[in-house]
Asker: 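Below is the structure I would like to discuss, written out as structure tokens.
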Amino acid sequence: MRLSRYFLPVLKETPGEAQVVSHQLMLRAGMIRQTAAGIYAWLPLGLRVLRKIEQIVREEQDNAGAVELLMPTIQSAELWKQSGRYDAYGPEMLRITDRHDREMLFSPTAEELFTTIFANGVKSYRDLPRILYQIQWKFRDEIRPRFGVMRGREFLMKDAYSFDPDLAAARHSYNRMFIAYLRTFARMGLHAIPMRADTGPIGGDLSHEFIVLAPTGESDVFYHSNWEAARDTTVDADDAAALQAYVDRLNTDYAATDEKRDAGLEAEAGAALKQSRGIEVGQIFYFGTKYSAAMGLSVQGADGTAIVPHMGSYGIGVSRLMGAIVEASHDKDGIVWPEAVAPYKVALINLRADDAGCTAAADALYDRLSAAGVEVLYDDRDERGGAKFATADLIGVPWQVVIGPKGVAAGTVEVKRRGAGTKDEMSVEAAVAKLT
RNA sequence: CGGGGCGUAGCUCAGCCCGGUAGAGCGCUGCCUUCGGGAGGCAGAGGCCGGAGGUUCGAAUCCUCUCGCCCCGACCA
């Protein structure tokens, strides 16, 4: 993409509305704009990162055996009355009336709809187990939205729902999501710690929150120092016993949110007990037959009797993850994207757009990299070098390739690593080899 | 919903207390000089001072109401 034809409204100064660094940088980098409290427009650069995060989430859900579908954002109140949550959910649910005075709502989550749709499509125990998921916009009318996309009212969420014949099978589904979540966050360069959590209004008795440690997080969290090291996620998720052993082993190290603290276990951890603030990027629940019973989901078992499936639900805040990643990965000059979620892999900087030699060299390299499938943002604007460097640093693209008159004369380009700040002069051939 | 703060140019803000022709820096447009880390000069464009009432000869400024945004708390799959 040529920057001269892109839409990248970067800000030199920090807007007053933003208080946390991720919000400030996402506004400055031209990724998002706020349109109302807790509601954001996603600009081209922000949308690209959102899509990258979404795709990683999708791939790991698919790897876990989950099946993607898409539910509507606007739902009828009927199903919610059936489960009892139409009244229970409270003012956080955005209620809408259509032209016929029918009660509608903007979905804050989708247990009822998934359960109902699933119930209509299955009849036999042979249809179990299944895990279905979607990546869809949600709306929760938060009392006080804040921190940019980390606590918005409208947000992109991956929500998955598992259906199993019994508790043991449901636990395996839960564990599949548990390991899938660890893998998902690790791929984004995030170290997320699973913590025993409150189940909240969703019900059930088994739940973990996945927390990324950050001083600006909203939750107080407590954990054993063993959690500070990254965890190996090598385990065969199809082997229920091996997976259960893996999960059990991880859970021997204490980690809990404020609501689930255990004085005894904390005393056991002793000096290894750490306290921090954290950002919740995902949560998983097992809640038995709460919704399957309420929504009339049952299948026929092998012996002819009815089976009410055990369910779980599993959420990842896709748009919130972007804020969490920026919180975890930035410096004084701007964002430092992990390569897996970077909007572009390479920022190609033509230092002298007014110099025919530089422009010819930059155009040629842009064409070569693009042809090789490398995602390049080519700064071909007629700006001074300093402004281009500042923009490239701000938007945090992992690799910067600088083409200037000195290099063109010497037949070299400069390749800079955004995170480490290291710069290397090399031939065009070497640069192409390095970046493809 | 309680408490606090802020709405003035695209952005960051000054002006308001103490009423009297709407400002600065950055950004933007044009020309010139410059060109390896947000350059310099000159000339410009750009504002219903969030909105509605009121007080006054006169309101960005004082009063009332209202809308919006931010922060703290409560709240929070």
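Chain A is the first sequence line, chain B the second, and so forth, proteins listed ahead of strands; every chain is numbered from 1. Predicted model only: the values in this text are computed from it and were never measured.
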Asker: What's the closest nucleotide to the side chain of A/Ala37 if the choices are B/G36, B/C69, B/A77?
Answerer: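 Side chain of A/Ala37 sits closest to B/C69.
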Asker: Under 4.0 Å, counting only non-hydrogen atoms across every strand here, what does A/Lys423 touch: a base, just sugar-phosphate, or nothing?
Answerer: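 Base: the residue A/Lys423, judged by heavy atoms under 4.0 Å, touches a nucleobase.
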Asker: When the P atoms of B/G51 and B/G10 are compared, how many Å lie between them, rounded to an integer?
Answerer: 13 Å
Asker: Can you tell if the side chain of A/His224 reaches within under 4.5 Å of the side chain of A/Leu265, non-hydrogen atoms only?
Answerer: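 They are not in side-chain contact.
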Asker: Do any side-chain nitrogens or oxygens of A/Arg352 fall under 4.0 Å of OP1 or OP2 in B/G36?
Answerer: no
Asker: Measuring only the C1' atom in each nucleotide, how far is B/U8 from B/C48? A whole number of Å is fine.
Answerer: 12 Å
Asker: Are any of A/Arg144's side-chain N or O atoms less than 4.0 Å away from OP1 or OP2 of B/C72?
Answerer: yes
Asker: Write down the distance between NZ (A/Lys158) and C1' (B/A77), rounded to a whole number of angstrom.
Answerer: 11 Å
Asker: Quick one: look up who B/G30 pairs with, Watson-Crick or G-U, both distances under 3.5 Å, and put none if it's unpaired.
Answerer: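 For B/G30, the partner nucleotide comes out as B/C42, under the 3.5 Å rule.
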Asker: Classify the side chain of A/Glu414 versus the base of B/G36 as yes if they form a donor-acceptor pair under 3.5 Å and no if they do not.
Answerer: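 By the distance-only test, yes, there is a pair.
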Asker: Indicate whether OP1 or OP2 belonging to B/A39 is found under 4.0 Å from a side-chain N or O atom of A/Arg384.
Answerer: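 Indeed, a polar side-chain atom of A/Arg384 lies that close.
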Asker: Sticking with atom C1', work out how far B/U56 lies from B/G20, rounded to a whole angstrom.
Answerer: 12 Å
Asker: Would you tell me whether A/Glu78 and A/Gln82 have side-chain atoms, one donor and one acceptor, within less than 3.5 Å of each other?
Answerer: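 No, because no side-chain N or O of A/Glu78 sits under 3.5 Å from a partner of the opposite role on A/Gln82.
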Asker: Roughly how far apart, to the nearest Å, are B/G36 and B/C49 at atom C1'?
Answerer: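 One C1' to the other, the span is 43 Å.
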Asker: From the options B/C1, B/A77, B/G38, select the nucleotide whose nearest atom is closest to the side chain of A/Lys12.
Answerer: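 Comparing B/C1, B/A77, B/G38 against the side chain of A/Lys12, the answer is B/G38.
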Asker: Which value, in whole Å, describes the distance between the P atoms of nucleotides B/C6 and B/C13?
Answerer: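 These two P atoms come out 12 Å apart once rounded.
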Asker: Paired with B/C69 by Watson-Crick or G-U wobble geometry, both distances under 3.5 Å: which nucleotide is it?
Answerer: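 Paired with B/G5.
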Asker: Among the candidates B/G38, B/C69, B/A77, find the nucleotide nearest to the side-chain atoms of A/Leu394.
Answerer: B/G38
Asker: Give a yes/no verdict on a cation-pi contact between A/Arg381 and A/Tyr6, requiring under 6.0 Å between NZ or CZ and the six-membered ring centre and an angle within 45° of the axis.
Answerer: no
Asker: As a test of reading the structure: which of B/G36, B/A77, B/C1 is closest to the side chain of A/Ile143, going by heavy atoms?
Answerer: B/C1
Asker: Suppose we screen for side chain to side chain donor-acceptor pair (under 3.5 Å). Which residues come up paired with A/Ser22, at least two apart in sequence or across chains?
Answerer: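 Counting only residues at least two positions away or on another chain, A/Ser22 forms a side chain to side chain donor-acceptor pair (under 3.5 Å) with A/Glu327.
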Asker: Closest approach to the side chain of A/Gln19, judged atom by atom: which nucleotide of B/C11, B/C75, B/C70 is it?
Answerer: B/C70
Asker: Does A/Glu13 contact B/G25 through a side-chain donor or acceptor facing the base, at a distance under 3.5 Å?
Answerer: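 Answer yes: a donor N or O sits under 3.5 Å from an acceptor.
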Asker: Using atom C1' of each nucleotide, how far apart are B/U55 and B/C70 to the nearest Å?
Answerer: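 Between the two C1' atoms, the distance is 31 Å.
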Asker: When you get a sec, tell me which of B/C75, B/C69, B/A77 is the closest nucleotide to the side chain of A/Glu280?
Answerer: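 From the listed options, B/A77 comes nearest.
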Asker: Under the 3.5 Å rule, do the base of B/C35 and the side chain of A/Asp354 count as making a donor-acceptor pair?
Answerer: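 Counting by modelled atom types and ignoring angles, a donor-acceptor contact under 3.5 Å is found here.
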Asker: When the P atoms of B/G25 and B/A9 are considered, how many whole Å apart are they?
Answerer: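 The same atom, P, in both gives a distance of 16 Å.
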Asker: For the side chain of A/Val402, starting at C-beta, report the closest nucleotide among B/A77, B/C1, B/G36.
Answerer: B/G36
Asker: Is the ring centre of A/Tyr40 less than 6.0 Å from the ring centre of A/Phe155?
Answerer: no
Asker: Taking atom P in both B/A24 and B/G47, compute the distance separating them and give it to the nearest angstrom.
Answerer: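 That atom pair is separated by 15 Å.
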Asker: When the aromatic ring centroids of A/Tyr378 and A/Tyr366 are compared, is their separation below 6.0 Å?
Answerer: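 That pair passes the under 6.0 Å test.
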Asker: Do A/Gln136 and A/Thr73 have side-chain atoms, one donor and one acceptor, less than 3.5 Å apart?
Answerer: no
Asker: Can you figure out which of B/G36, B/C75, B/A77 approaches the side chain of A/Glu111 most closely?
Answerer: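 Of the candidates, B/A77 comes closest.
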Asker: A/Thr391 side chain: which of B/C70, B/G36, B/G38 is closest?
Answerer: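 Shortest atom-to-atom distance from the side chain points to B/G38.
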Asker: Would you indicate, yes or no, if B/C70 has its OP1 or OP2 atom less than 4.0 angstrom from a side-chain nitrogen or oxygen of A/Gln34?
Answerer: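 So the side-chain polar atoms of A/Gln34 do come within 4.0 Å of the phosphate oxygens OP1 or OP2 of B/C70, strictly under.
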